[in-house]
Amino acid sequence: MRLTILLTAFWAALVYPLHGEISAETEAGSMPQRSSVLVLYPDEGEDQALGELHAVNIANLAGRHAEAALAGISQYQPNDRDAHDALIVVNSTYGQTVPAALLDDAMSGEGTTVWIQPDPASLQASAPGLAAQIGWLAEAATTKIFPEVVYRGEHFTRSPDSTDLVAGIRVTDPDRVEVLAEMQAADGERMPWALRSGALTWVSESPMPYASEDDRYMVFADILSRTLEPDAPDVRQALMRIEDIGPDADPAQIRTLLAAIEALNVPFAATVYDTFVDPNGHFSDGRERRFSLNERPYLASALRDMARAGGTLIMHGQTHQHGDIPNPNFGVSGGDYEFFRAGLDAGGRFDLLGPLEDDDGAMWDERLDLAFSNWDEAGLPQPWLFTSPHYAASQSAYRSIGERFPARLERVLYFGGEASGVVDGLDPLYGEQFFPYPVRDIRGDVILPETLGNWAPQGSVHGRSMEAMLETARRNLVLRDSYASFFFHWYLDPARLTELTTSLQAMGYEFVSPQLAAAVIPARLPLAGASETTRASRAYWSEVDSLRFWLRDQIELIILALVLLAHLLVFSIGPKRRRAVAH
């Protein structure tokens, strides 16, 4: 037994240094002060609720560098922009009145302005002399399809569904105008998509509809980041996340996967839910099954080994399903949504349906408190990072999560009315947003990016091919904030994870921990000491290094040794007794 403890201690001494480079001490470096940006959203005309939601998404992107305030376009008063470092106007709908004061302030040439509008002709018609002032002229709109946006030599996609009406733009004074990105048609014709004239940056459409990993949305995000913080350094970082480890996971497979990751010598994260539920016995002949991590000590020990090896354990909900309802599959943990209602479309893909019937903050609070308790009983370090199952939660669930976690690694749902406070109860709007880089969103939550999706075997509707993921990562190298962030399910072939990791490294990406990725977002105003994420991750690593954490494994090893000894005694004494009885 002493030998076992000594060998384990020696093993721990070998793996502990692996997480030293990604500890909270590294994260607590100097962080820049954040600027302020005023984001104006449509509050009149057609589809103003959708325009407001797009403005929320764009304000979230600005959260890479700035604290965003939102207001309706028609409410703008003279010099409102003076209280902010930059102004973003999202005039993405038709029928919006633009106050003269806003036009004067935005076109004055003083202060940074980003203006997003698919109909520049109407604006120029209301402001004689504007074309001569900015160096480009709005022409008649065209229905011609421009399926690509060319940016810094790379071609990003543009959905045909978003090209019904395209604003025509002609540069009249090339010396005063920088064309930042161009739309390109199938016949090679190009037209400015985004351009800059002095302090004014113009984008000819909202980038939000049909946004995808390869879309011109990524172009807009990069232009916005470079506009708000011109001198920020280039970033080439990768984030690896192992997905969906629940109590039903195979400890042997987890250790095999961990060995492959340790051979790569890169930081990583792993999402964990603490309780497995099959309420209707779908996989157990009609018998309900329910068990937690503390009932799976060998798996819990493997997860602690992950943490010692530098892995950040992320809470991934409590059961990764909800009650006894199909949501959308069979109510079984791992396949279903937990914090939002979902169904399946005709192609077998997830279809979001809205908040659950029992959606309530008190219920979510109770559920998350139980999850923390179960993690503690299983001997796992208390998590500081969260990933919502299947990237969906209601507003009340997000509030409960935000009260407990200083950061999340995921894609996020945002809802109509979050800026104005006006919600359409009959047909509420909501949509998913993914982030090209870390942000602090309008809710105050730090969100880490997931940009590549996940690898899945051929034929799966819930994943991407290796080729598609790597092509996205290669294209994104032209972006200043270039993150190759992905997730990989624990039960898949580790060789594919190795292939993906080494391919990204060959492109120049450096794998980092979630702690280091979050470090670019400073504390909320005012800056005072360490940020929330710094304090939380410091507490996490302190627990991983604690004597309690180490002793838990030793106790389990001793129990295992005693069980094995008992089995040996039974097998060795039993035959002797049977022989004695025979004689």
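Everything numeric in this text was worked out from a predicted model, so none of it was measured.
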Between [X] and [Y] (salt bridge meaning N to carboxylate O under 4.0 Å), is one present in this structure?
X	Y	answer
E229	R64	no
R411	E213	yes
D445	R408	yes
R216	E148	no
K144	D187	yes
R81	D104	no
D215	R158	no

Do [X] and [Y] have a side chain donor and acceptor closer than 3.5 Å?
X	Y	answer
S485	E450	no
D43	S74	yes
N60	Q433	yes
E410	S388	yes
T472	R464	yes
T97	E44	yes
S36	D85	no
W193	E205	yes

Given side chains that start at C-beta, do those of [X] and [Y] come closer than 4.5 Å, heavy atoms only?
X	Y	result
F415	L413	yes
F405	T387	no
F488	R496	yes
V177	T172	no
N91	V98	yes
P449	P438	yes
F156	R475	yes
P207	V219	no

Return the [atom1] to [atom2] distance between [X] and [Y], rounded to the nearest 0.5 Å.
X	Y	atom1	atom2	value
L228	I88	CG	CD1	5.5 Å
Q133	L200	CD	CG	9.0 Å
D47	S92	CG	OG	9.0 Å
Y483	L448	OH	CG	8.5 Å
L180	R226	CG	CZ	10.0 Å
I447	F435	CD1	CZ	6.0 Å

Using a 3.5 Å distance criterion without hydrogens, assess whether the side chain of [X] forms a donor-acceptor pair with backbone atoms of [Y].
X	Y	result
Q117	D119	yes
E418	L53	no
T502	E499	yes
S225	A221	no
S460	P457	no
N79	D82	no
S537	Q515	no
E178	L195	no
R480	V235	no
T271	H316	no

TODO: Go through the steps to decide whether F486 and M469 satisfy the test side-chain contact (heavy atoms from CB on, under 4.5 Å), and finish with yes or no.
DONE: CA-CA 9 Å; F486 65 90; M469 295 174 72; 3.7 Å; yes
Task: Set of side-chain hydrogen bond (donor to acceptor under 3.5 Å, both in side chains) partners for T201, sequence neighbours left out - done: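 Per chain and number, T201 pairs via side-chain hydrogen bond (donor to acceptor under 3.5 Å, both in side chains) with R196.
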TODO: Could you tell me how the ring of F350 sits relative to the ring of H390: parallel (under 30°), tilted (30 to 60°) or perpendicular (over 60°)?
DONE: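 Rings of F350 and H390: tilted, 30 to 60°.
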TODO: Please state whether the rings of Y437 and H65 are parallel, tilted or perpendicular, taking 30° and 60° as the class boundaries.
DONE: tilted
- [ ] Check whether the ring centres of F340 and Y391 lie less than 6.0 Å apart, and answer yes or no.
- [x]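 No, the ring centres sit 6.0 Å or more apart.
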TODO: May I ask you to check whether Y217 and Y210 place their ring centres under 6.0 Å from each other?
DONE: no
Heavy-atom closest pair, residues [X] and [Y]:
X	Y	answer
Q237	Y509	O-CD2, 3.5 Å
Y41	A55	CB-CB, 3.4 Å
G311	W541	O-CH2, 3.9 Å
M218	P436	CE-CB, 3.7 Å
D80	D105	N-OD2, 4.3 Å
M107	L123	CE-CD2, 4.1 Å

- [ ] I would like to know whether L38 and Y76 meet side-chain contact (heavy atoms from CB on, under 4.5 Å); could you show each step before the answer?
- [x] CA-CA 10 Å; L38 175 61; Y76 187 87; 4.2 Å; yes
Open item on the list: Would you say CD of E139 has more than 12 non-hydrogen atoms from neighbouring residues, nucleotides or ligands within 6.0 angstrom?
Closed with: yes
- [ ] Apply side-chain contact (heavy atoms from CB on, under 4.5 Å) to the pair V512 and E510, showing each step before the final yes or no.
- [x] CA-CA 6 Å; V512 300; E510 176 190 4; 4.2 Å; yes
Open item on the list: Suppose we screen for side-chain contact (heavy atoms from CB on, under 4.5 Å). Which residues come up paired with A342, at least two apart in sequence or across chains?
Closed with: N327, P328, Y337, L352
Open item on the list: Whether R443 engages the ring of Y398 as a cation-pi pair (distance to the six-membered ring centre under 6.0 angstrom, angle to the ring normal within 45°) should be assessed.
Closed with: yes
- [ ] Show your reasoning for whether side-chain contact (heavy atoms from CB on, under 4.5 Å) applies to M240 and L497.
- [x] CA-CA 9 Å; M240 175 197 296; L497 178 63; 4.0 Å; yes
